[in-house]
Amino acid sequence: MPFSNTHNLMKMNFSAEQEYPDLSQHNNHMAKVLTPEMYANLRDKQTPSGFTLDDVIQTGVDNPGHPFIMTVGCVAGDEETYDVFKELLDPVIEDRHGGYKPTDKHKTDLNPENLQGGDDLDPNYVLSSRVRTGRSIRGFCLPPHCSRGERRGIENLSIDALSSLDGDLKGKYYALRNMTDDEQQQLIDDHFLFDKPVSPLLLASGMGRDWPDARGIWHNDSKTFLVWVNEEDHLRVISMQKGGNMREVFTRFCEGLTKIESLFKDKGHEFMWNEHLGYVLTCPSNLGTGLRGGVHVKLPNVSKHEKFGEILKRLRLQKRGTGGVDTAAVGGVFDISNADRLGFSEVELVQMVVDGVKLLVDMEKRLENGESIDDLMPDQK
Amino acid sequence: MASSFTRMLSSRNTAVMLASLGASALATGYLMTDSGVTAEQRMKMYPPSADYPDLRKHNNCMASALTPAIYARLRDKRTPNDYTLDQCIQTGVDNPGHPFIKTVGMVAGDEESYEVFAELFDPVIKDRHNGYDPHTMKHPTDLDASKITSGMFDEKYVLSSRVRTGRSIRGLSLPPACSRSERREVERVVVTALSGLKGDLSGRYYGLTDMTDQEQQQLIDDHFLFDKPVSPLLTCAGMARDWPDARGIWHNNEKTFLIWINEEDHSRVISMEKGGNMKRVFERFCRGLKEVERLIQERGWEFMWNEHLGYILTCPSNLGTGLRAGVHVRLPLLSKDARFSKILDNLRLQKRGTGGVDTAATGDTFDISNLDRLGKSEVELVQLVVDGVNYLIECEKKLEKGQDIKVPAPLVQFRR
């Protein structure tokens with residue numbers, strides 16, 4: 001039975017005004033967009049599986065946000081959430097994804113042949129390359145709302161599909177629930193293991209329920225292709241390797257994803273996708289491609305340049321510390337990846353990363369030699 | 001606008017939905033379709049056995065009592081407010097427990113939960129409350145403080161005395177399930193009643209949302225302030241939603257009567273003071289509770305209560321009286337005696353550190369309180385604490401003089 005903390009009939013005895021959340025301290029996309037009128041229009045609706053408006057916004061109500069970081073503040077419980085609650089989610093999507101309109105169409109392109117270059121990023125600077133995305137299985141509720149039976153169903157389907165992969169993609173599944181200590185340690189050493197979410201952003205939306213039931217990690221024998229099952233999305237797919245051959249990473253990524261998709265189709269399942277939102281995932285921030293393609297790159301000089309932030313902005317890239325989204329850079333090494341997810345295809349986004357990182361490394365070399373980089377300043381993409 | 005996916009909350013279209021679902025699709029178990037699978041369809045696609053939680057690593061009362069058969073019978077039931085069994089047990093599924101501490105592992109979302117899901121609540125209640133059977137037994141309520149005897153402790157040993165309980169407002173959902181409007185209604189009902197208290201009970205409310213920094217600091221200094229729950233036992237049950245909306249603290253001017261609103265229960269009521277006058281603490285407790293009850297009844301409200309479960313609270317461990325009466329007491333010699341635990345056991349008392357339920361004792365000062373909540377009245381429990389603590393102090397005095405002490409005979413559980 002789908003889970004729904006806020007599916008509570010008694011609240012319908014009270015007016016929309018009495019039920020409206022206090023968002024006065026809040027700074028997230030949901031809080032910026034929601035109005036009492038919108039709340040009144042949507043409060044008595046639910047998706048076919050029973051997901052309500054209050055379910056969508058609970059995480060944004062519970063987590064006011066940070067004065068400097070703008071979180072999304074809402075999640076989807078199933079594919080239909082994006083339709084039933086479009087009055088709220090369309091403006092959130094528009095705000096988060098650079099003005100993407102409800103009438104816009106998203107292009108999907110997973111043909112690695114369309115990528116130009118990308119195989120020659122200087123490994124003296126580019127330490128590793130990685131591309132990740134997520135996929136949801138149509139017909140199942142998403143992590144905030146799925147029942148144990150559904151989650152196990154997703155796990156079984158995933159194990160089935162992944163076990164059919166062969167060649168370079170052949171690998172093994174490790175269920176979180178019955179992992180041995182040795183296996184666990186190896187996965188930690190490989191930096192593959194994911195743990196129960198501690199972020200209140202995730203916990204408040206119900207994604208931590210029943211942990212670690214039906215959660216697991218699959219990876220190929222050469223440890224270059226990794227799939228997370230039932231963490232923040234049904235599937236998170238990651239291709240990675242040391243060095244700067246982003247082309248190889250992206251090629252494996254596309255081939256692996258395409259193979260997995262056809263294996264699912266053989267069994268009568270497809271991924272959640274539509275021509276407006278692209279691939280449908282739990283968090284609106286990951287719609288479209290759900291793709292984050294990035295590198296760990298040494299930029300000690302460029303990062304200190306006064307125009308670093310502006311350069312990244314023009315290249316449509318973002319920087320993070322090498323520990324992930326909330327960390328600071330250590331030793332001049334940055335995680336540089338695409339800032340966008342929706343409105344650009346996979347190839348276009350990885351192209352931006354490849355071209356942008358190439359330029360940043362050129363700038364780094366110039367600055368090392370004490371030369372100016374003014375003539376290298378990019379235009380806004 | 002009504003898209004094909006939209007359903008109204010109030011309509012339940014089970015028969016039509018199921019009829020529209022082709023038999024072949026059911027047989028394969030999954031659908032490839034553009035329209036969403038409904039909740040009712042999902043119930044059919046996933047029998048209870050598919051949803052049964054994995055409790056092999058679990059050690060809590062819920063996990064000990066739940067069976068696939070019970071789950072199968074209860075999974076598809078709902079309380080009138082639409083609360084489900086899965087929601088009751090979520091906290092117990094998410095928190096396997098500790099090998100040494102047995103947590104309860106389930107909560108109620110509303111008063112009706114205890115009835116609709118009685119098949120699981122009853123054995124849990126029995127397990128937690130020494131064999132009390134809600135089906136056949138009746139719980140006595142007695143808030144007549146005048147019955148307490150010898151309720152003044154030797155203040156050479158007892159540093160402070162305290163009695164707490166909880167109360168729920170009938171007709172409004174409990175913290176795991178309540179909506180924002182219900183929670184605000186609880187706040188309104190209780191704060192309105194409290195504003196009618198007079199004399200030594202007159203006081204003031206501090207809502208968490210609009211407390212000033214100064215007020216907050218004062219409440220921290222007084223050890224009155226409660227914070228957003230961090231314990232996963234509580235957060236997994238949904239009790240921290242919408243924090244700090246409609247949460248607050250009320251206390252009287254003398255700081256001896258304190259109410260927490262919308263923390264783990266609708267209200268938690270605490271009477272306390274420094275020193276050993278437990279009788280006076282309990283007298284104020286009873287007087288305050290009765291007065292608040294009268295004030296809410298004037299406006300047509302009442303507390304959740306019935307003759308089998310006593311006062312209804314969120315956690316089954318707090319049913320009956322919901323009462324914990326205790327002291328901070330110095331027992332430097334007795335606490336080192338090997339018989340200390342057994343003496344406490346037989347007196348139906350428990351020890352905690354002075355920081356609360358999960359803390360260790362510092363030095364020789366302990367928090368000593370009653371173990372039981374259900375099956376004995378408030379007066380009986382407080383008298384038990386009074387008699388028990390007096391006995392502990394006698395033991396301490398004997399040990400001071402070099403005399404030997406006796407382990408008392410175990411107390412009777414409750415009258416049948």
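Computation of the quantities below employed the complete heavy-atom set of this structure, encompassing side-chain atoms and omitting hydrogens, waters and symmetry-equivalent molecules. Chain letters run A, B, ... following the sequence lines, proteins first, then strands; residues in each count from 1.
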Top contributor to chain A contacts, counting heavy-atom pairs under 4.5 Å, from B:Val93, B:Asp242, B:Asp245: B:Asp242

Interface residue of largest heavy-atom contact number with chain A, from B:Gly109, B:Pro96, B:Pro53, B:Ala240, under 4.5 Å: B:Pro53

Would you say [X]'s side chain and [Y]'s backbone share a donor-acceptor pair under 3.5 angstrom?
X        : Y       : value
B:Asn81  : A:Met10 : yes
A:Arg209 : B:Gln90 : no
A:Arg152 : B:Ala50 : yes

Engaged part of A:Ile137 at the chain B interface, taking heavy atoms whose separation is under 4.5 Å: neither

Atom group of A:Glu17 that falls short of 4.5 Å from chain B, counting heavy atoms: backbone

Under 4.5 Å from any heavy atom of chain A, what part of [X] do you find: side chain, backbone, both or neither?
X        : answer
B:Arg183 : neither
B:Thr79  : neither
B:Pro80  : backbone

Would you find more than 12 non-hydrogen atoms of other residues, nucleotides or ligands less than 6.0 Å from [X] atom [atom1]?
X        : atom1 : value
A:Asn178 : CG    : yes
A:Lys32  : NZ    : no
B:Glu115 : CD    : no

Pair A:Arg148 + B:Asp54, salt bridge at N-O below 4.0 Å: no

Spacing of CG belonging to A:Asn13 relative to CD belonging to B:Glu185, to within rounding of 0.5 Å: 10.5 Å

Nearest-0.5 Å distance that lies between atom CZ in B:Arg241 and atom CD in A:Gln58: 5.5 Å

Closest non-hydrogen atom pair between B:Asp94 and A:Trp211, with its separation: OD1-N, 4.1 Å

Closest non-hydrogen atom pair, B:Arg42 against A:Gly139: NH1-O, 3.4 Å

Residue among A:Ala204, A:Pro21, A:Ser24, A:Pro212 with most heavy-atom pairs under 4.5 Å to chain B: A:Pro21

Salt bridge (Lys or Arg N to Asp or Glu O under 4.0 Å) evaluation trace for A:Asp22 with B:Arg180: CA-CA 9 Å; A:Asp22 177 356; B:Arg180 281 179 295 276; over 6 Å; no

